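First up is the structure itself, then whatever we jot down about it.
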Protein chains: 2
Amino acid sequence: MTLKDLAQHLGLSPTTVSRALNGFPEVAEATRARVEAAARQHNYRPNTQAKRLATGRAMAIGHVIPISTQHEIVNPVFADFIAGAGEVYARAGYDMALTLVPDADQDRAYREIRSKGNVDGIILHGPRAGDARIALLEDLGLPFVVHGRASGITRPYAFVDVNNSRAFERATRFLLDLGHRRIALVNGIETMDFALRRRRGFERALAAADLTANPGLMVAGEMTEAQGHDAARAMLRRNEPPTAFLTSSLLSAMGVRRALWEEGLVMGRDVSIVTHDDELGYLKNGAEEPIFTATRSSVREAGRRCATMLLRMIEAPPPEPASELLEAVLVVGSSTGPARNLLSLRENP
Amino acid sequence: MTLKDLAQHLGLSPTTVSRALNGFPEVAEATRARVEAAARQHNYRPNTQAKRLATGRAMAIGHVIPISTQHEIVNPVFADFIAGAGEVYARAGYDMALTLVPDADQDRAYREIRSKGNVDGIILHGPRAGDARIALLEDLGLPFVVHGRASGITRPYAFVDVNNSRAFERATRFLLDLGHRRIALVNGIETMDFALRRRRGFERALAAADLTANPGLMVAGEMTEAQGHDAARAMLRRNEPPTAFLTSSLLSAMGVRRALWEEGLVMGRDVSIVTHDDELGYLKNGAEEPIFTATRSSVREAGRRCATMLLRMIEAPPPEPASELLEAVLVVGSSTGPARNLLSLRENP
DNA sequence: ACCGCTATTCAAAGCGGTTTGGATGGGGCA
DNA sequence: TGCCCCATCCAAACCGCTTTGAATAGCGGT
């Protein structure tokens, strides 16, 4: 069923039918009603490709997810982000196109996306410090919103980010206030901008308390359960073990918790844990009561915000890029408590 | 830079340029070389929309992920599956379009996808027993491959699935062979086909050993760490606690492990755990040595297979639907061991 | 020198929509 | 009654590419 068919069926011209369906004013209400009824009845949908060609708008947003060959993990946060963004697109009648781009030929990939013209805008995932893709997209003149930020890029660009440094600064201060002095950081890979910022926040809070970060108590890597476990285990066996851990992901936190158990330590009493919580659907931090004390910020919500911002940019290009900085809330669970001296604990448990 | 521009620039007709670039034989080699050079030099890319409209091929595959409002979890397996499928699409020049479809208006959504014509085929995620979408897609005449199967649908359809029942049957038998008699099942939601099959496999193995499943030792729900933990904790406090757990996901298994610890039990010695392992990037079952004994099958590989099968169907519709049944391998980790009597253990630990 | 064949190239007609620039006809107003 | 304007509708061009059907030219054969 094409527009033409429908028009013929109704004894109208394609023009009128098109206008009736697209809400143009110069069509009689009676006619519009007739057209709409017929369209519904015949289950007519305009062909996307034709519409795109005619209007020059792709009505689609591209999500480009980087696939680096070294650490080939697809960011687990991605699914939830997409779900949030997808809601917004669906409401606005946009499609969502995914492209996996190997780190190697990013340049080519983005240019191709641009010239193929099948998206109206792009959401950039997993920005790194000084990410070159931002300048590239700017050059290409394709509207884009970054999920996160890229330290070191000074030209303004549109982004939605969590205030990672502030979140981790607060979390660290929270632990310091509880009397903790040896705080370990189990972070994500620090070429990723979010991880870098978290470390900065961590160090800033320490500095404010006249402490300096101990390199032996900082680790950065894929945020997995194993990472948390292995890192914590090693650290807990040091001469001066940490009394608290700050982790970048619930999975890591769970790994740390396991290591505590193995060392016969009680979480929240002997050793504290604070983690960041992205509020992923399948990775909840307790039900009503949080288990882990956490800096919480919904990735799904970030998805919604990014999508909304991008659509707005596409409808009406703003004079200068907007941005949104979401504050994580610090929720207190049962994984934190006042510092205890682990060394003395070791001698007389 | 359009085809027409390029043609004019070269003093050729659009026809010839098009043919030169698309490798048709009826164009002189010299001309082809000239055209290609010019195209490269001007960085010409054919407009996707136009090409699609002209050829009638969308060069895109739709992934439809169901969003049920009750359990609004985006399947965590999804990201890895997509990564696998994406590899294949990229190589074949296909795009990937995501659509989130609320359970409510699936019918409408699929019809719309069909008539909008922006995908050449669909991959169906998260099939349920007797899933109505299969008949619908069949009706719509849109090529599709199901990731998983739908029990109760007898007409043949294309699918790629893990042999879930066999995997869980083997896992159960493995535990039985170790002397376990009270085996608990911590399953996914059993309206999902994969979960159903796993339970069947579980029950089949029990039946073969003249045992029947104890309803009190079976639980089905979202496969989260909390689920595993809560279920295991409750079960371990029964009069006749299970000596082994079979779980549908690593997350659940990790939850069970935590419950064991809390009850003062040692995994692999006092209580055994076998889990299914989808080999997700961010959820590894140990490094070289597996931690959990597991039925292992890569979701990413399943993604590749689905994509490959679908593209093949699109290129050349086969007389009847193909299918692939992947066998999970049973890898032995340190989470399993011979059954011990937990009741006696309780009295004299 | 003429003919048929093959190798190249091209004009024009789609693909299925949107959009521009009129037509047409009836109502209001002088 | 005549004229203008507005409300409505339509024919045709266009978006950028593919593809059909035909034209052209060069070549060998007789």
Side-chain angles (χ1 to χ4, degrees), chain A residues 1-36 38-39 42-60 93-95 112-120 315, chain B residues 1-36 38-39 42-60 93-95 112-120 315:
Chain A
M1 172 65 54
T2 72
L3 220 206
K4 215 177 289 177
D5 296 340
L6 192 62
Q8 195 155 21
H9 180 83
L10 283 161
L12 289 169
S13 77
T15 308
T16 305
V17 176
S18 170
R19 297 198 145 146
L21 293 175
N22 290 309
F24 281 66
E26 61 265 62
V27 46
E29 273 317 316
T31 314
R32 186 193 306 281
R34 241 178 23 124
V35 171
E36 279 173 349
H42 292 80
N43 201 8
Y44 165 78
R45 306 261 174 246
N47 177 296
T48 315
Q49 322 304 345
K51 191 161 194 159
R52 286 177 174 176
L53 180 56
T55 58
R57 310 249 275 111
M59 292 304 283
Y94 276 71
D95 286 339
E112 192 163 312
I113 288 172
R114 164 69 183 167
S115 47
K116 287 209 309 179
N118 45 2
V119 299
D120 297 320
E315 306 295 347
Chain B
M1 171 62 58
T2 72
L3 220 206
K4 213 180 290 180
D5 296 340
L6 193 61
Q8 195 155 20
H9 181 82
L10 282 161
L12 288 170
S13 77
T15 309
T16 304
V17 176
S18 170
R19 299 201 143 142
L21 293 175
N22 290 309
F24 281 65
E26 61 265 61
V27 44
E29 272 318 314
T31 314
R32 186 192 308 281
R34 236 174 31 118
V35 171
E36 279 172 348
H42 292 80
N43 198 13
Y44 165 79
R45 305 249 179 261
N47 177 298
T48 318
Q49 323 304 344
K51 192 163 194 158
R52 287 177 174 177
L53 180 57
T55 58
R57 310 251 274 109
M59 290 307 282
Y94 275 72
D95 286 341
E112 188 163 315
I113 288 172
R114 162 67 182 170
S115 45
K116 288 207 309 180
N118 47 0
V119 300
D120 296 321
E315 307 294 346

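So you know, we letter chains A, B, ... as the sequences are listed, proteins then strands, and number each from 1. Given the structure is predicted, the values throughout are model-derived calculations rather than measurements.
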Can you check the Asn47(A) CG to dC15(D) C1' distance for me, whole Å?
13 Å

Mapping Pro25(B) and Ala54(B) to their closest nucleotides on DNA chain C, which lands nearer the 5' end?
Pro25(B)

With side chain to side chain contact (heavy atoms under 4.5 Å, CB included) as the test, would you mind laying out the steps for Lys116(B) and Asn47(A) before giving the verdict?
CA-CA 5 Å; Lys116(B) 288 207 309 180; Asn47(A) 177 296; over 6 Å; no

Output a table of donor-acceptor pairs, distance under 3.5 Å, between side-chain atoms of residues 7-15 of chain B and any protein atom two or more places apart or on a different chain; print 'none' if there are none.
residue  : atom : partner  : partner atom : Å
Ser13(B) : OG   : Thr15(B) : N            : 3.4
Ser13(B) : OG   : Thr16(B) : N            : 3.2
Ser13(B) : OG   : Thr16(B) : OG1          : 3.2

By nearest heavy atom, map Phe24(B) and Gln49(B) onto DNA chain D; which one lands nearer the 5' end?
Gln49(B)

Length of the line joining Met59(A):CE and dC15(D):P, which is rounded to integer Å
21 Å

The test is side chain to side chain contact (heavy atoms under 4.5 Å, CB included); show your working for Lys51(B) and Asn22(B) and say whether it passes.
CA-CA 12 Å; Lys51(B) 192 163 194 158; Asn22(B) 290 309; 3.8 Å; yes

Here the distance between atom P of dG16(D) and atom CZ of Arg57(B), to the nearest Å, is 23 Å

Does Gln49(B) use its side chain to pair, donor to acceptor, with the backbone of Gly117(A) at less than 3.5 Å?
yes

Grab the CG-C1' distance between Leu53(B) and dT18(D) for me, whole Å please.
10 Å

Rounded to whole angstrom units, what separation is found between the CG atom of Asn118(A) and the P atom of dG16(D)?
15 Å

Using whole Å, what does the distance between atom P of nucleotide dC17(D) and atom CG of Asn22(B) come to?
11 Å

Here the distance between atom P of dA7(D) and atom CD of Glu26(A), to the nearest Å, is 11 Å

I need the residues from residues 3-19 of chain A with at least one non-hydrogen atom less than 4.0 Å from DNA chain D; give them sorted by number, or say none.
Gly11(A), Leu12(A), Ser13(A), Thr15(A), Thr16(A), Arg19(A)

Could you go through the side chain to side chain contact (heavy atoms under 4.5 Å, CB included) check for Asp95(A) and Met59(A) one step at a time?
CA-CA 6 Å; Asp95(A) 286 339; Met59(A) 292 304 283; over 6 Å; no

Approximate separation, where rounding is to 0.5 Å, of Arg57(B) CZ and Arg52(B) CZ
10.5 Å

Heavy-atom closest pair, residues Leu21(A) and Tyr44(A):
CD1-CE2, 3.7 Å

When you check the phosphate oxygens OP1 and OP2 of dG16(D), does a side-chain N or O of Tyr44(B) lie under 4.0 Å from one of them?
no

Under 4.0 Å from any heavy atom of chain A: name the first and the last nucleotide of DNA chain C that qualifies, 5' to 3'.
dG16(C) to dG21(C)

So which atom in Ala60(B) and which in Asn118(B) form the shortest heavy-atom distance, rounded to 0.1 Å?
CB-O, 3.6 Å

I would like to know whether Arg32(B) and Phe24(B) meet side chain to side chain contact (heavy atoms under 4.5 Å, CB included); could you show each step before the answer?
CA-CA 10 Å; Arg32(B) 186 192 308 281; Phe24(B) 281 65; 5.6 Å; no

